[in-house]
Amino acid sequence: MIVAHLPTGYLIGALLERRFRPAACSPRLWLAVALLGAFAPDLDMLYFHLVDGRQHHHHSYWSHWPVVWFGALALALAWQRLAQQTWVPTLLVLFTLNGCVHLLLDSVVGDIWWLAPWVDQAFSLATVTPRYQPWWLNFILHWSFLLELSLLGAALWLARLRWRGGSTQAAL
Ligand SMILES: [Zn+2]
């Protein structure tokens, strides 16, 4: 879901901002962390291209393992509960939450090793059947692309509301 990751990260960051953004954290930093978390698992593409020589599906790397991201989210939530000063752990919760959502989006039509490292099997909700050339037409003509466009549209709509002088709070 390459189109939907950043818009979804923006949506989650913007929707959680009112309730959870610490006063010590600027709105820009809050949204930057949200976007970074939404994209972070795909940073393994650098390893995929530059080091691994495209030998293995990048979703099979630990950077796309749910146990890593959901475990990190659990630790961040625990730290947030226990911490005296909460803005750093709160940003970590936002970052890891968006990393988890990234894996959920990847699971729609992309293989995710949900049970790694214990079971070497990938799972996905649906399969994109190769029917058309060039290859990317198969993704654009698949129903899952509507989900991507919907998330992009929702993010653009929310961003427009915010840029028109309002805030998320006022818009919702
Ligand atoms: Zn990914």
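All ligand and atom numbering here is 1-based and tracks the order in the structure. Hydrogens, waters and symmetry mates are skipped; everything else that's a heavy atom, side chains included, is used.
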* To do: For the residue pair H102 and H5, categorise the inter-ring angle as parallel (less than 30°), tilted (30 to 60°) or perpendicular (more than 60°).
  => parallel

* Asked: Can you tell me the N, O or S atom of D42 that's nearest the Zn ion (ligand 1)?
  -> OD1

* Any idea which N/O/S atom from H102 gets closest to the Zn ion (ligand 1)? -> NE2

* To do: For atom CG of L104, decide whether the heavy atoms of other residues, nucleotides or ligands shown that lie under 6.0 angstrom number more than 12.
  => yes

* **Identity of the N, O or S atom of D106 lying closest to the Zn ion (ligand 1)** => OD2

* Asked: Going by heavy atoms in the side chains, are L15 and L158 under 4.5 Å from each other?
  -> yes

* To do: Indicate if the distance from the Zn ion (ligand 1) to the nearest N, O or S atom of H58 falls below 2.8 Å.
  => no

* Should the ring pair F48 and Y61 be called parallel, tilted or perpendicular, given that the plane angle runs from 0 to 90° and is split at 30 and 60? -> tilted

